[in-house]
Trainee: 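Got a structure here, written out as structure tokens. Questions coming.
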Amino acid sequence: MSKITKVAGIDFDTVVFRQALRLQGDTFDIDPEYETVITNDQIEEAYEAVEAELKTIMFNTKCTEYIVFLTGSTNFRYNILPSYKWRRKNSPRPIALQELKDLCLARLNCVLQEGLEADDTSIMWFTHDESEAGIRKVLCHVDKDLDQVAGQHYNYDKDLHYNVTQEDADAFLWLQVLAGDTADCYKGCPNVGNERPKGKPDEQSKAERIVYGTLCTKPVIKRFTRGAKAGMSEIKWEEYHDNTLNVKE
């Protein structure tokens, strides 16, 4: 019987960012004319905290090996969608963040690829088939977007182990495609949302009805011929039943 090696692939952005932020403390509110100084000893202390979190993840997942993934300074998404994460562009960046990243690159088994986020590189690693090599992977993160991929997951903030099936991963991906993501500032399809009707928490949202197939939905262009919107058009979603489909209830 071949030996199985359990490997943790960790989206490490959150771990490094919050330790850099902890160093900064309340200095974001200090007069910007005064320089914030963080000593090398403080940065080393922050790195030790980063390393301690890594060890905790390894212990909780019972993995014997790891790879940590960090986001580079550039991102291909801005070339496609300039509004991507625009709300965060003016957010203060912890001044020790880059130094902590550099220490991770120098001292840990770390992957940072320019142009890509840690999400991208961790998912590429996670979905690369290495089953014949006797490797069992665990994707460690706190980001809901990574639930778009099937496999064994671990949320290190909640100490939560869970498995995502291929069916659930595909459904979650298409829910985001249809509904968009306000946190990342990209829109979905017009007039399709993932909010459930007010006062009816057990009813599915429009995006869920489309993805899970309880109702078939098609876009219809409605053109206005009178009133203030005369000459304008908008997309409406027409729902209909198709009994030939094997729908998921």
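What you see is a predicted model, and the numbers here were worked out from it, not measured in a lab. Every heavy atom of this structure was used, including side-chain atoms; hydrogens, water molecules and symmetry mates were not.
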Trainee: Hey, mind stepping through Glu45 and Arg22 against side-chain contact (heavy atoms from CB on, under 4.5 Å) and telling me if it holds?
Mentor: CA-CA 11 Å; Glu45 180 185 345; Arg22 182 186 61 81; 4.3 Å; yes
Trainee: Give me the one residue out of Leu139, Leu173, Asp170 that meets side chain to side chain contact (heavy atoms under 4.5 Å, CB included) with Val149.
Mentor: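 That would be Leu139; it is the only one of Leu139, Leu173, Asp170 passing the side chain to side chain contact (heavy atoms under 4.5 Å, CB included) with Val149.
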Trainee: With a sphere of 6.0 Å drawn around CH2 of Trp174, does it hold more than 12 non-hydrogen atoms of other residues, nucleotides or ligands?
Mentor: no
Trainee: Please table the atom pairs, donor to acceptor, closer than 3.5 Å between any side-chain atom in residues 6-18 and protein atoms at least two apart or in another chain.
Mentor:
residue : atom : partner : partner atom : Å
Lys6    : NZ   : Thr61   : O            : 2.9
Asp11   : OD1  : Asp13   : N            : 3.4
Asp13   : OD1  : Thr71   : N            : 3.0
Asp13   : OD2  : Thr71   : OG1          : 2.4
Arg18   : NH1  : Asp157  : OD1          : 2.9
Arg18   : NH1  : Asp157  : OD2          : 3.2
Arg18   : NH2  : Glu53   : OE1          : 2.8
Arg18   : NH2  : Asp157  : OD1          : 2.9

Trainee: Does the side-chain contact (heavy atoms from CB on, under 4.5 Å) test come out yes or no for Lys144 and Phe172, once each step is laid out?
Mentor: CA-CA 9 Å; Lys144 62 178 176 54; Phe172 186 72; 4.3 Å; yes
Trainee: Do Cys63 and Val138 come within less than 4.5 Å of each other through their side chains, counting heavy atoms only?
Mentor: yes
Trainee: Where is the tightest heavy-atom contact between Gln152 and Tyr162, given as atom of each residue plus distance?
Mentor: NE2-O, 3.3 Å
Trainee: If you apply the rule side-chain contact (heavy atoms from CB on, under 4.5 Å), what do you find for Gln98 with Lys101, and how did you get there?
Mentor: CA-CA 5 Å; Gln98 189 57 53; Lys101 281 189 173 185; 4.1 Å; yes
Trainee: Is there a path from Phe126 to Val164 through hydrophobic residues (I, L, V, M, F, W, Y) whose side chains come within less than 4.5 Å of each other?
Mentor: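 Hydrophobic grouping puts Phe126 apart from Val164.
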Trainee: Could you grab the distance from atom CD of Gln176 to atom CG of Asp147, nearest 0.5 Å is fine?
Mentor: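 One gets 9.0 Å once the value is rounded to the nearest 0.5 Å.
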Trainee: Which atom names give the shortest non-hydrogen contact between Ser122 and Phe69, and what distance separates them?
Mentor: CB-CD1, 3.6 Å
Trainee: Which heavy atom of Ala96 sits nearest a heavy atom of Leu23, and at what distance?
Mentor: CB-CD1, 3.9 Å
Trainee: So Lys158 and Val142, do their side chains get closer than 4.5 Å, heavy atoms only?
Mentor: no
Trainee: Check whether Glu114 reaches the backbone of Ser73 with its side chain - one donor and one acceptor, N or O, closer than 3.5 Å.
Mentor: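 Yes; at least one donor-acceptor contact below 3.5 Å.
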Trainee: Under 3.5 Å, is there a donor on one side chain and an acceptor on the other for Glu65 and Thr5?
Mentor: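 Absent: no donor and acceptor within the cut-off.
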Trainee: Using atom types as modelled, flag every donor-acceptor pair under 3.5 Å from a side chain in residues 106-113 to any protein atom, sequence neighbours excluded.
Mentor:
residue : atom : partner : partner atom : Å
Arg107  : NH1  : Glu44   : OE1          : 3.1
Arg107  : NH2  : Glu44   : OE2          : 2.8
Asn109  : ND2  : Tyr66   : O            : 2.9

Trainee: Walk me through it: do Tyr47 and Leu100 pass the test side-chain contact (heavy atoms from CB on, under 4.5 Å)?
Mentor: CA-CA 6 Å; Tyr47 173 77; Leu100 277 179; 4.1 Å; yes
Trainee: Quick check: is Ile67 connected to Ile135 through a chain of hydrophobic side chains (ILVMFWY, heavy atoms under 4.5 Å apart)?
Mentor: yes
Trainee: How long is the span from the CG atom in Leu105 to the CG atom in Leu70, to the nearest 0.5 Å?
Mentor: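 Output value for this atom pair is 6.0 Å.
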Trainee: Under the criterion salt bridge (charged side-chain N to carboxylate O under 4.0 Å, His left out), I'd like the reasoning laid out for Glu234 against Lys229: C-alpha separation, chi angles, the key distance, then a yes or no.
Mentor: CA-CA 10 Å; Glu234 67 179 29; Lys229 292 185 177 181; 3.7 Å; yes
Trainee: Between atom CE of Met58 and atom SG of Cys140, what is the distance when rounded to the nearest 0.5 Å?
Mentor: 9.0 Å
Trainee: Hey, is the main chain of His128 close enough, under 3.5 Å, to the side chain of Lys137 for a donor-acceptor pair?
Mentor: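 Yes; judged by distance alone, with no hydrogens or angles, the pair exists.
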Trainee: Quick one: do the His153 and His161 side chains pair a donor with an acceptor below 3.5 Å?
Mentor: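 Not at all, the side chains of His153 and His161 share no donor-acceptor pair under 3.5 Å.
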Trainee: Do Asn60 and Tyr154 have a side chain donor and acceptor closer than 3.5 Å?
Mentor: yes
Trainee: About how many Å separate CD of Glu51 and OG1 of Thr56, when rounded to the nearest 0.5 Å?
Mentor: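 So the OG1 of Thr56 and the CD of Glu51 are separated by 11.0 Å.
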Trainee: Report, as yes or no, whether the 6.0 Å neighbourhood of atom CZ on Phe59 holds more than 12 heavy atoms from other residues, nucleotides or ligands.
Mentor: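 No - once you tally the heavy atoms of other residues, nucleotides and ligands closer than 6.0 Å, there are 12 at most.
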Trainee: To the nearest 0.5 Å, what is the distance between CD1 (Ile43) and CD (Gln19)?
Mentor: 13.0 Å
